[in-house]
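What you see is a predicted model; the values in this text were computed from it and never measured. We name chains A, B, ... by the order of the sequence lines, and we start the count at 1 in each one.
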Number of protein chains: 2
Amino acid sequence: MTEFRSIVAATGEPHGDPLVVSTPADVEAACAAAAAAFDTYRATDRETRAAFLERIADEILAIGDSLIEAYMAESGLPRARGEGERGRTMGQLRMFADVVRKGQWQQLRIDPALPERAPLPRPDLRLRMIPVGPVAVFGASNFPLAFSTAGGDTASALAAGCPVVVKGHPAHPLTGALVAAAISKAVKDAGLPEGVFQHLVGPSNELGAALVQNLNIMAVGFTGSRGGGLALARLAQARDVPIPVYAEMSSINPVLLLPEALKARGEALGTAFVGSLTMGAGQFCTNPGLILAIEGEGLDAFVAAATTGVSEAKRQTMLTTGIAAAYAKGVETLSALPGIEKLAEGEIGSTTCGGAVLFQTTGAKFLADKAMGDEVFGASSIIVRCKDEAELLQVLEGLEGQLTATLHMDAADEATASHLLPVLERKVGRILANGWPTGVEVTHAMVHGGPFPATSDPRSTSVGSLAIDRFLRPVSYQNLAQGVLPPELRDDAFGDGAPRLMDGTLTLN
Amino acid sequence: MTEFRSIVAATGEPHGDPLVVSTPADVEAACAAAAAAFDTYRATDRETRAAFLERIADEILAIGDSLIEAYMAESGLPRARGEGERGRTMGQLRMFADVVRKGQWQQLRIDPALPERAPLPRPDLRLRMIPVGPVAVFGASNFPLAFSTAGGDTASALAAGCPVVVKGHPAHPLTGALVAAAISKAVKDAGLPEGVFQHLVGPSNELGAALVQNLNIMAVGFTGSRGGGLALARLAQARDVPIPVYAEMSSINPVLLLPEALKARGEALGTAFVGSLTMGAGQFCTNPGLILAIEGEGLDAFVAAATTGVSEAKRQTMLTTGIAAAYAKGVETLSALPGIEKLAEGEIGSTTCGGAVLFQTTGAKFLADKAMGDEVFGASSIIVRCKDEAELLQVLEGLEGQLTATLHMDAADEATASHLLPVLERKVGRILANGWPTGVEVTHAMVHGGPFPATSDPRSTSVGSLAIDRFLRPVSYQNLAQGVLPPELRDDAFGDGAPRLMDGTLTLN
C-alpha cells in the first residue's frame with residue numbers, strides 16, 4: 001500500500017486527498033537524520049532549547065481553526081475537547097520550557113578533588129545527565145493532540161535534548177500533518193537541523209516495527225493497546241542493542257467506595273461515576289472500569305443511580321470503527337462470562353458508536369475469573385461487591401498493575417484507607433481521593449504510569465515534568481580540564497540557576 | 001548436587017567443610033519472606049533505615065580478621081586489597097546512610113491545589129518515590145566484598161527500602177557467609193523482619209534463574225559476564241511481569257593517548273599503563289583493554305615502555321581456575337586473529353594464574369575485525385595505531401558501549417579532546433583525563449555504568465549514590481487527607497530536611 005485515507009470518525013467514510021504512506025527508506029532516512037542532528041541539538045543551551053519549545057506551542061496555535069476542524073472530523077470528539085486538548089498540548093510544551101530553564105533535570109553533581117586524601121587523593125568528579133539519543137514516539141488514538149505528534153512524549157524528549165521521529169497515528173493523519181508542519185517550522189525558524197523532528201505516517205504495523213528496530217533509535221514512547229506495546233517492547237529487546245520502551249498500555253483503574261462515604265452519598269457517587277465512565281465515550285486510559293465496594297448501607301443506592309445513569313446514556317461516536325468494533329467485542333466477551341450480570345445498558349452502539357454498559361459481580365466470582373480484569377476500552381465498567389474488607393484486599397492484591405486507584409472516603413474511613421494504602425502503592429502509579437481518575441493534570445507531581453501492564457516500565461511517567469527523566473542517562477567526568485568540561489559543569493557556571501549536588505549537599509544554584 | 005566446596009584460589013584445592021547448596025524451595029521461601037517484609041521495611045523512617053545501614057557496616061568490621069583470611073584464600077587477592085575493599089564496603093554503606101538521611105532520593109514534589117482555577121480547579125498533587133520491591137543481587141567474582149553480599153547493589157537496594165535476596169558468588173562462599181551473617185545480625189538487632197535480607201548459595205546457574213523468575217522479585221542487580229547478564233535479562237523479560245535487570249557486564253575501556261601528551265611523556269605513560277593493566281591480575285571491569293593513539297612522536301616510546309613492562313610482569317593468581325582458563329582461551333583467540341601482532345608476554349600463566357599480554361594492530365585492521373573488541377577478562381590489552389584523527393574517530397564510533405574512556409592529554413590537546421568528547425559521551429558512562437580507569441571512587445558524581453553492552457541499562461550506575469535511583473518508582477497522591485498521606489508528604493513534614501519541588505520550584509527543606 002502506498003496511499004491511505006483520513007476517515008471521518010462519525011461516518012466511517014474517507015475524506016480529503018489520499019495520503020502518501022512512509023516507506024522503509026523514509027524510516028531509514030529519518031532515523032539517520034535524527035542521529036546526525038543529535039550532537040548539535042543536545043549542545044543547545046537551556047534558553048535556546050526552552051525558547052524552541054515555546055516556539056512550537058506558538059506555531060501550533062498559529063495553525064488556527066483548521067487544526068480543530070481536522071481534529072473533530074478525525075476523532076469524532078467535540079470542539080470544546082479539541083480546544084482544551086490544544087491548550088493542554090501548548091501548556092505542556094511551555095511547562096517543559098520552564099523545566100529546561102530551571103535546569104534541575106541535568107542533575108548536576110560535583111565532588112571536588114581531595115588532593116590530600118590518604119592513601120590516595122580523590123579526583124575531581126562531575127556528573128550530568130545527557131539525552132539518550134533519537135527517540136521514536138508513537139501517537140495515541142485517543143489524544144490526537146496531547147499524546148500524539150506534539151504530545152507529552154515528544155515534548156519531554158525534545159526537552160531532554162533528543163531528536164524525535166514520530167510515527168503518527170493513522171486515525172488522525174490530517175491533524176498529525178498540521179502539527180508536524182508546525183513543529184518543523186519551529187525547527188527551521190530556530191535554526192536547528194531538520195533531523196530534530198520528523199514525522200512518518202501510515203496504517204501498517206511494519207512501519208512502527210521498522211522504526212523501533214532502527215539502530216539509530218535509542219528509546220521509544222508509546223501510548224496504546226497492550227498488544228501493541230508488548231510487541232514493540234519485544235522488538236526493542238531483540239535488537240543487537242536493546243533500548244527502553246515506555247509503553248502506556250492498559251488499566252481498569254479500580255475505584256474503591258469506602259463504607260462511610262457510601263453510606264453518606266451512595267446515590268450521588270453513582271451519578272458522578274456515570275459522568276466519568278461515559279466522558280469521551282469512555283476512551284481514556286484512566287476510565288473507571290472497576291468499582292470495588294463492601295456490601296453494606298449505600299451500595300444499593302449507588303448501584304441504582306449508576307444503573308439509571310447508564311441506562312439513560314446516549315451512544316457516542318468512537319475514535320475509529322476499529323475501536324468501536326473492539327469495544328463491542330470486549331463487551332460481548334464480558335457479557336458471556338458465567339459469573340457476571342449485566343446491570344444496565346445505554347443506547348445500543350453502532351459501527352461508529354459505542355454505548356455504555358454496566359456489569360456486576362461478587363468478590364468471589366471476580367477472584368475466580370481473571371478475564372474480568374481485562375481492559376475493555378470504552379464506557380464499560382464492573383461493580384464488584386465484596387463481602388468484607390478481607391475480600392476487598394484479596395481482590396486488590398490479585399489485580400494487575402494499574403495507572404490509578406481512587407478512594408471515595410469520609411473522615412471516618414481514614415483508618416480503612418490507611419490500611420489499604422500500602423497495597424494500592426504497590427499496584428498503581430496514582431492514588432486519588434474523592435474524585436474520578438479521568439482528568440490527568442499536567443504538573444510536576446503527576447504520575448501517569450504504574451506497574452506492568454499499566455506500563456512497560458513503572459519507573460517513570462508519561463505525563464508531567466518527571467517524564468523528561470525517561471530520556472536521560474548519567475555521564476561522569478573525572479579530572480577533565482575546565483575547557484574540555486561541558487559548560488554547565490565548569491566552575492564558572494556556578495550560579496547559573498541550576499541546582500547542584502556539591503559533595504553530597506544540594507545547593508540551589 | 002546438594003553440597004559444594006570453597007576453593008583456595010592459589011591452589012585450586014577445596015578447603016573447609018562442605019557447604020549446603022540452596023534448593024528451589026529455599027529460593028521460594030526467601031522470596032516469599034522478602035515480599036512479606038517489604039511493607040514493614042519500606043515504612044521505616046529515614047533515621048531508622050540509615051542507622052540500620054551503619055549497623056551493617058559495624059557488624060562487618062566486627063567479624064574481624066577471619067573475614068580477611070577467608071577473602072584472601074578464596075580470591076587469591078592480597079591482604080591490603082582485602083582490607084581496602086572492606087573499608088570501601090563499609091564506606092558505601094555509610095554513604096547510603098547519609099543519602100537516606102538527607103532524603104533527596106524521595107524526590108518529593110508538591111503541587112498545591114488551585115481551587116479558583118478556571119475552568120476546573122486543580123487538585124492537590126504530591127509525589128514521592130517508593131521502593132520497587134524485593135531485589136535479587138548477584139555477587140561478583142572480582143569484588144568479594146564491595147560488589148557482593150553487602151556490596152553496592154545490596155547497599156543501594158536496602159537504602160531504597162527494598163528487601164534483598166543475595167545469590168552469593170560460588171567463588172567465595174565463606175566470605176559471603178560471614179558477611180551474610182553480619183547483615184542478618186544487624187537486621188535482627190534493628191528489630192526488622194528476617195526477610196529484609198537473605199542469602200542463597202550454590203554453584204549452579206539454575207539457582208540464579210529461579211531467583212530472577214520468582215514473581216516476588218521486582219528488580220535484579222548483577223555484576224559479571226556478558227553471557228550471564230544477558231541470560232538473566234532474557235529471563236526477566238520473559239516473566240509474566242517483566243522486571244528491570246541492572247547488569248554490569250563487559251567493557252574494554254579505551255584509553256586515548258592524545259598527540260601532545262604522547263610527545264611529552266610517551267615512556268612514562270607506557271610504564272604507568274602496565275601498572276593499571278596488571279593490577280589485580282587485570283580482573284577489573286575497568287581494566288584498560290584498548291589503547292588508541294595516532295601515529296606520531298612518542299608512540300614508539302610508549303610502546304617500548306609498555307612492552308618492557310609487560311615482558312617483566314609476573315603471573316598472578318586469578319580468582320578461580322575457571323577465570324584463569326577463560327583468560328588463557330581469550331588470549332589464544334586474540335593471538336590467532338590475522339590482523340594482530342603479539343608485542344609482549346609476561347611470565348606464562350598456569351591453571352590458577354594469568355600472565356600479562358600485550359598486542360598491537362592498526363586502526364584499519366581493528367575496524368575490519370569485530371573480534372578485537374571483545375572483552376578478555378584479565379591483563380590483556382591491544383594497542384591500536386591509527387593513521388590520523390579521522391581514523392581514530394572511526395574506531396571510536398565503531399566501539400560498543402563502554403564503562404569508561406580515558407584521555408591522556410596536555411593543554412595543547414584540548415581542542416582535540418573537545419572534538420572527541422561528544423563521541424565519547426555517546427559511548428561511555430565515565431570520561432577521565434590523565435589517570436587510569438581502574439579505581440572507581442564511591443561518591444555522588446560517579447557513574448559506573450554505560451551504554452549496552454557495558455551494562456544492560458545505561459540509565460543508571462552501580463557505584464555511587466545515584467545507584468539508589470535504580471530501585472525506586474514514583475507514586476502520585478491526589479487530594480488525599482493529611483492523615484492518609486505518607487508522613488513525608490504531609491504539611492507538618494515541611495522542614496524535615498528533605499528537599500521538595502514546590503509547584504516546580506526546588507526548596508531545600
Side-chain angles (χ1 to χ4, degrees), chain A residues 39 98-99 102 104 109-111 120 122-123 125-127 130 132-133 237 241-242 244 411 414 417-418 421-422 425-426 429-435 439 441 443-447 449 452 456 458-461 465-466 472-481 483-484 499 501 503-504 506 508, chain B residues 39 98-99 102 104 109-111 120 122-123 125-127 130 132-133 237 241-242 244 411 414 417-418 421-422 425-426 429-435 441 443-447 449 451-452 456 458-461 465-466 472-481 483-484 499 501 503-504 506 508:
Chain A
D39 283 344
D98 184 51
V99 165
K102 283 184 173 149
Q104 199 192 348
R109 293 171 165 229
I110 297 181
D111 296 322
L120 287 170
R122 183 174 85 173
L125 279 156
R126 302 179 186 224
L127 180 150
I130 70 165
V132 293
Q237 282 298 321
V241 175
E414 285 199 10
S418 297
L421 200 72
E425 288 175 328
R426 283 192 269 105
R430 176 166 58 113
I431 299 164
L432 60 147
N434 297 327
E441 288 289 334
T443 61
H444 305 286
M446 173 52 66
V447 175
F452 185 93
S456 56
R459 292 165 292 180
S460 62
T461 173
S465 63
L466 196 63
L472 298 168
R473 50 170 274 259
V475 174
S476 178
Y477 305 83
Q478 178 175 324
N479 280 350
L480 251 62
V484 183
L501 195 69
D503 217 0
L506 190 62
L508 283 185
Chain B
D39 282 344
D98 184 50
V99 166
K102 285 185 173 148
Q104 200 192 347
R109 293 171 166 228
I110 297 181
D111 297 320
L120 287 171
R122 185 173 83 173
L125 279 155
R126 302 179 186 225
L127 180 149
I130 71 164
V132 293
Q237 282 297 321
V241 174
E414 285 199 9
S418 296
L421 200 72
E425 288 175 326
R426 284 191 269 106
R430 176 167 57 112
I431 299 164
L432 60 147
N434 298 325
E441 287 290 334
T443 62
H444 305 285
M446 173 52 66
V447 175
F452 186 92
S456 56
R459 291 165 293 180
S460 61
T461 173
S465 63
L466 196 63
L472 297 168
R473 50 170 272 259
V475 175
S476 178
Y477 305 82
Q478 178 175 323
N479 280 351
L480 252 61
V484 182
L501 195 70
D503 216 1
L506 190 63
L508 283 185

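Contact annotation for B/I130: only side-chain heavy atoms (C-beta onward) come within less than 4.5 Å of a heavy atom of chain A. If you measure heavy-atom distances from A/S456 to chain B, you find no contacts under 4.5 Å at all. Within the 4.5 angstrom heavy-atom criterion, only backbone atoms of A/R126 (N, CA, C, O) approach chain B. Neither the backbone nor the side chain of B/L120 comes within contact range of chain A; no heavy atom of the residue lies under 4.5 Å from a heavy atom of that chain. If you measure heavy-atom distances from B/L480 to chain A, the contacts under 4.5 Å come from both the backbone and the side chain. With a threshold of 4.5 angstrom between heavy atoms, A/E425 approaches chain B through its backbone and through its side chain. Residue contact with chain B, scored on non-hydrogen atoms closer than 4.5 Å, involves the backbone and the side chain of A/D111 alike. Residue A/I431 touches chain B through both its backbone and its side chain, counting heavy-atom pairs closer than 4.5 Å.
Counting heavy-atom pairs closer than 4.5 Å to chain A, the top residue among B/I110, B/V132, B/V484 is B/V484. Ranked by non-hydrogen atom pairs under 4.5 Å with chain B, the options A/S418, A/G504, A/A417, A/G483 are led by A/G504. When A/L421, A/T443, A/N479, A/L501 are compared by the number of non-hydrogen pairs under 4.5 Å with chain B, A/T443 comes out ahead. Note on B/P244, B/G449, B/G133: by heavy-atom pairs under 4.5 Å with chain A, the leading option is B/P244. Highest contact tally toward chain B, considering only A/A433, A/S465, A/G435, A/P499, is held by A/A433 [criterion: heavy-atom pairs under 4.5 Å]. Interface summary for chain A: among B/K102, B/M446, B/E441, B/E414, the most heavy-atom pairs under 4.5 angstrom belong to B/E441.
Put simply, the side chain of B/T461 reaches to within 4.5 Å of the side chain of B/L466, judged on heavy atoms. Residues A/V447 and B/R473 fail the side-chain proximity criterion, which asks for heavy atoms closer than 4.5 Å. Under the 4.5 Å side-chain criterion, counting only non-hydrogen atoms from C-beta, B/L508 is in contact with A/L506.
The two residues B/G429 and B/P451 make their nearest non-hydrogen contact at N-CD, 4.2 Å. Nearest heavy-atom pair across B/P458 and A/P474 is O-CD, 3.6 Å.
Expressed to the nearest 0.5 Å, how far CG of B/L472 lies from CZ of A/R459 amounts to 11.0 Å.
Side chain of A/S476 to main chain of B/A445: a donor-acceptor pair is present (N/O by atom type, distance under 3.5 Å, no hydrogens or angles). No donor-acceptor pair under 3.5 Å is formed between the side chain of A/R109 and the backbone N or O of A/L127.
B/Q104 pairs by the side-chain hydrogen bond (donor to acceptor under 3.5 Å, both in side chains) definition with nothing, not counting sequence neighbours.
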